[in-house]
Amino acid sequence: MAFGWIDEQAAARRRAGLVRTLRPRPADSPLLDLASNDYLGLARHPEVVEGAAAAARTWGGGATGSRLVTGTTELHGELERELADFCGFEAALVFSSGYAANLAAVTALAPHGSLIVSDAANHASLIDGCRLARGTTQVVGHADPDAVRKALGTHDGPAVAVSDTVFSVDGDAAPLAGLAGACREHGAGLVVDDAHGLGVLGDGGRGAPYAAGLAGADDVVATVTLSKSLGSQGGAVLGPARVVEHLVNAARTFIFDTGLAPASAGAALAALRLLGREPERAARAREVATGLHARLTAAGLEAVRPDAAVVSVRAPSPEEAVQWAADCRAAGLFVGCFRPPSVPDGISRLRLTARADLSEEQIERAVRVIGETRP
């Protein structure tokens, strides 16, 4: 029977307690949200919503085509210029998603005969980029510049190291200065995914590369998403102008994909300008994360110290993690739940996101619910 193997895999997932389901949320959810990636609380900000609405009224509901045909509006160009300027890079190129931006950066910058050195804890989009690239990939230990240096030393030819700046599961930050140093010793490029750094790290939220003094370097490329701190949707690649020009001509997820919807571009641009006026939002997101960690550990829970806005709380097993998250929802708190295969280390977790707009009372409530429902 066609697709008969799907039933076998579904049964295996049920036995392992790894079935995933969609839970559509209402427009006005009564739950306290510590699961979304809306780090700065901008997704529903009036200026951001109006930015989306105004763009839709002006440009319509969709981009109407690929970026190289009809999908590039003046709004896209405006967003690219301001995003590059804010983050300290020479140029930017906007994609329909952060996933597409990562696929573009890795595949277009790792041609046949090149070496890709990839951190073992990288996001799935970077991993998929490595799989699709024509270069050879070598996976190295997590956050280990010496391992990157050793891998690069085995290759004679073009090479690039690829890493998240803030890892999405535990929220720990990559040693960017060390990675850049290892790459420069071997003339390799560095590609970093700053999805969880933009809006949270760096001066006024300008991102982890900016904080590390790497923004604008001719050997560093950063990818970002517009769907987390900026409360919109889409992604971008930031880097030297010649790299961006190369992507326009060589990145398949740019050439063959419909451009980002104008409403998303308008929302992202409005959020970027708002962050520029209110840089304290970035510091507040970090403050909330630190406060969550301190309260959780004081309550006897095993929480990983956050470097940005992600706080990870360890669970005894996948089944108990799922039940823990469900019990939190029943008590009015929405938290993320990460379990295998999403976490390759096999450790299931509750994943909390610290939002800049959370009050102290909400933080206390969240910690209380997590403690009361613990397995």
Q) Under the side-chain contact (heavy atoms from CB on, under 4.5 Å) criterion, do V304 and R349 qualify, and how do the steps go? A) CA-CA 10 Å; V304 179; R349 304 156 167 85; 5.7 Å; no
Between [Y] and [X], does any NZ, NE, NH1 or NH2 come within less than 4.0 Å of an OD or OE carboxylate oxygen?
X: E320; Y: R314; answer: no
X: E287; Y: R281; answer: no
X: R273; Y: E50; answer: no

Please find out if less than 6.0 Å separates the ring center of H123 from that of F167.
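Ring-ring flag for H123/F167: false, centres at least 6.0 Å apart.
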[X] side chain to [Y] main-chain N or O, any donor-acceptor pair under 3.5 Å?
X: D307; Y: A173; answer: yes
X: R286; Y: V200; answer: yes
X: H293; Y: V311; answer: no
X: D194; Y: A208; answer: yes
X: R374; Y: W324; answer: no
X: D38; Y: A43; answer: yes
X: R365; Y: G332; answer: yes
X: E372; Y: V369; answer: no
X: H155; Y: P158; answer: yes
X: D170; Y: D172; answer: no

* Does the ring of F86 carry R206 above it, NZ/CZ under 6.0 angstrom from centre and within 45° of its axis? ->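 Yes, a cation-pi geometry.
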Residue pair [X] / [Y]: nearest heavy atoms and the distance that separates them:
X: V160; Y: L109; result: CG1-O, 4.2 Å
X: A241; Y: A91; result: CA-CB, 3.9 Å
X: L152; Y: C183; result: CD1-CA, 3.8 Å
X: R149; Y: G178; result: NH2-O, 4.3 Å
X: C87; Y: A215; result: O-CB, 3.2 Å

With a sphere of 6.0 Å drawn around [atom1] of [X], does it hold more than 12 non-hydrogen atoms of other residues, nucleotides or ligands?
X: D156; atom1: CG; answer: no
X: Q138; atom1: CD; answer: yes
X: E280; atom1: CD; answer: yes

Any donor-acceptor N or O pair under 3.5 Å, side chains [X], [Y]:
X: S96; Y: D257; value: yes
X: S312; Y: R351; value: no
X: Q323; Y: D327; value: yes
X: T70; Y: T64; value: yes
X: D128; Y: S125; value: no

- request: Decide side-chain contact (heavy atoms from CB on, under 4.5 Å) for D164 and H196; before the verdict, give the C-alpha distance in whole Å, the side-chain angles of both, and the deciding distance to 0.1 Å.
  value: CA-CA 8 Å; D164 288 4; H196 299 278; 5.5 Å; no
Worksheet entry | Step-by-step salt bridge (charged side-chain N to carboxylate O under 4.0 Å, His left out) determination, R295 to E360 | CA-CA 11 Å; R295 290 170 170 84; E360 292 301 313; 3.0 Å; yes
Are [X] and [Y] packed together at the side-chain level, in the sense that at least one heavy-atom pair is separated by less than 4.5 angstrom?
X: V224; Y: L238; value: yes
X: L75; Y: L269; value: yes
X: D357; Y: L40; value: no
X: L352; Y: L296; value: yes
X: V313; Y: E302; value: no
X: V140; Y: K150; value: no
X: L260; Y: F95; value: no
X: T258; Y: R67; value: no

Nearest 0.5 Å please: distance from the [atom1] atom of [X] over to the [atom2] atom of [Y].
X: T373; Y: R329; atom1: OG1; atom2: CZ; result: 11.0 Å
X: L274; Y: E47; atom1: CG; atom2: CD; result: 5.0 Å
X: C328; Y: F334; atom1: SG; atom2: CZ; result: 11.0 Å
X: R184; Y: D219; atom1: CZ; atom2: CG; result: 4.0 Å
X: S163; Y: D193; atom1: OG; atom2: CG; result: 8.5 Å
X: T165; Y: L198; atom1: OG1; atom2: CG; result: 9.0 Å

Membership question, hydrophobic clusters at under 4.5 Å side-chain separation (ILVMFWY): are [Y] and [X] in the same one?
X: W59; Y: L79; answer: yes
X: L126; Y: L214; answer: no
X: V162; Y: V166; answer: no
X: L190; Y: V148; answer: yes
X: L32; Y: V310; answer: no

Evaluate the side-chain contact (heavy atoms from CB on, under 4.5 Å) criterion for residues R252 and L103: first the C-alpha distance (whole Å), next the side-chain angles of each, then the deciding distance (0.1 Å), finally the verdict.
CA-CA 9 Å; R252 294 174 67 84; L103 293 185; over 6 Å; no
* To do: I would like to know whether L226 and L83 meet side-chain contact (heavy atoms from CB on, under 4.5 Å); could you show each step before the answer?
  => CA-CA 10 Å; L226 312 177; L83 188 61; 4.2 Å; yes
